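Written out below as C-alpha cells is the structure these notes cover.
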Amino acid sequence: MENKRIEAVVFDLDGVITDTAHFHYLAWKKMAEELNIFIDEEFNERLKGVSRMDSLELILQEGNRQNDFSLAQKEEMAAKKNAHYCEFLKELTPDDILPGIPELIAAIKEEGLPIGLASVSKNAGTVLKALQLEEAFDYVADAAKISKSKPDPEIFLTACKGLGAEPEFSIGIEDAQAGIEAIKASGMFAVAVGRNLVNADYKVDRTAELQWGKIKAEY
Ligand code: BG6
Ligand code: MG
C-alpha cells in the first residue's frame, strides 16, 4: 500500500519549540503566592495549553477563591502574571530553542512541507521573534482570534486551514495533555513530547528524540 500523504506539520510552541512552559509556571506561581495560593509543577500540568484567563480560573479554584474577585480584579491579576512572564521573555535567545527542533524543522522543510504554529499564547509572536524563528513558520494561528483553549481543536483546525492542509493528512506536535486531545479531536496525527502523556499516536520523552524519519515511520 502506498504511504498516506502528509500535507502539513503543526507545532505547539511553549514546551515544544522552547521551554517557555516553565516561565509560564514561574510567573503564575509568583502571582498566585501573592494570593496565598500555592501551586506546584504537578498542578501546572493542568495549565499547559490553557489560555491566560482559563488558567487564572483554575488557580483561583485551586485556592478556593473562585468567587472572591470581580472581572476587573481578575484582569488585573492576569496582567500581573503576564508582566512577570514578559520579564522572563527578555532573556530568551535562539540558544533557547530546544534540542532537536532546528533539525526537525529543517528536515520537514527539505521535503517542501508547510509548517504551522498552534499556540494559544498571545505572546507567541514575541517568543518566535526572540528565537529568530519567524521565517520557519508558513502560518501562525492568531491566538487573539481563538475563542476556545485546548483541548478544543479550534487552534489546530485554524492552523491547518491557514496552511491549506486537511487535518486528516497533517501532524501535530504537543507537550500538553490538553494539546494531545486537541490534535486528536481535529483528526490529525498526534506526536507527544514528554512523560505522563496519553492518547498520542507517537510519543517521545524529550524533543531531542524527535526525528522526522521516525515520525514518518509511525504515521
Ligand atoms: C499556552 C501555554 O501556550 O499559552 C499556557 O501552554 C498559557 O500555559 C497560554 O497560559 C496563554 O499564554 P499567554 O502568553 O497568552 O498568557
Ligand atoms: Mg505546550
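Scope of the values below: all heavy atoms of this structure, side chains included, with no hydrogens, waters or symmetry mates. Counting starts at 1 for both ligands and their atoms, following the listed order. What you are looking at is a predicted structure, and each value in this text was computed from that prediction instead of being measured.
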key: Under 3.5 Å donor-acceptor, K150 side chain and I183 backbone   = no

query = Looking at ligand 1, does any of its N/O atoms fall within less than 3.5 Å of an N/O of K122?
reply = yes

key: Evaluation steps, side-chain contact (heavy atoms from CB on, under 4.5 Å), between R46 and L58   = CA-CA 8 Å; R46 288 167 49 197; L58 290 174; 4.2 Å; yes

inquiry  = Does either side chain, that of H24 or that of K81, offer a donor lying less than 3.5 Å from an acceptor on the other one?
reply    = yes

request  = Could you find the nearest protein heavy atom to atom 9 (C) of ligand 1 and give me its residue, atom name and distance?
outcome  = V50 O, 3.2 Å

query = Going by distance only, is there an N or O of R52 that falls short of 3.5 Å from an N or O of ligand 1?
reply = yes

query = Name of the D12 N, O or S atom nearest the Mg ion (ligand 2)?
reply = OD2

task = For ligand 1, note which part of H24 has a heavy atom under 4.0 Å away: side chain, backbone, both or neither.
result = side chain

query = Can you name the closest pair of heavy atoms from I17 and D12 and give their distance?
reply = CG1-O, 3.4 Å

query = Just which atoms of ligand 1 are under 4.0 Å from any heavy atom in G49?
reply = 2 (C), 5 (C), 6 (O)

At the Mg ion (ligand 2): angle between D175 atom OD1 and D14 atom O, to 10 degrees = 100°

task = Could you tell me which atoms of ligand 1, counted from 1 in the order shown, lie closer than 4.0 angstrom to a heavy atom of L47?
result = 5 (C), 8 (O)

request  = Under 4.0 Å from a heavy atom of K48: give me the atoms of ligand 1 that qualify, with their elements.
outcome  = 6 (O)

request  = Give yes or no for whether the N/O distance cutoff of 3.5 Å, strictly under, is met between S121 and ligand 1.
outcome  = yes

ask   = Counting N and O atoms only, with roles assigned by atom type, does the side chain of K29 sit under 3.5 Å from a partner on the main chain of F38, one being a donor and the other an acceptor?
value = no

ask   = Would you call S55 a ligand 1 contact, heavy-atom distance under 4.0 Å?
value = yes

message = Please determine whether a side-chain nitrogen of the Lys or Arg among K74 and E57 lies less than 4.0 Å from a carboxylate oxygen of the Asp or Glu.
response = yes

Under 3.5 Å donor-acceptor, E111 side chain and L113 backbone = no

request  = Using atom types as modelled and distance alone, determine if a side-chain donor or acceptor of T18 lies under 3.5 Å from a backbone N or O of D96.
outcome  = yes

message = Show me which atoms of ligand 1 lie under 4.0 Å from any heavy atom of S119.
response = 3 (O)

note = Candidates L58, D14, L13; heavy atom nearest atom 3 (O) of ligand 1 found on D14

message = Does any N or O of ligand 1 fall below 3.5 Å from an N or O anywhere on N123, backbone included?
response = yes

message = For A190 versus I180, what's the shortest heavy-atom pair and its separation?
response = CB-CG2, 4.3 Å

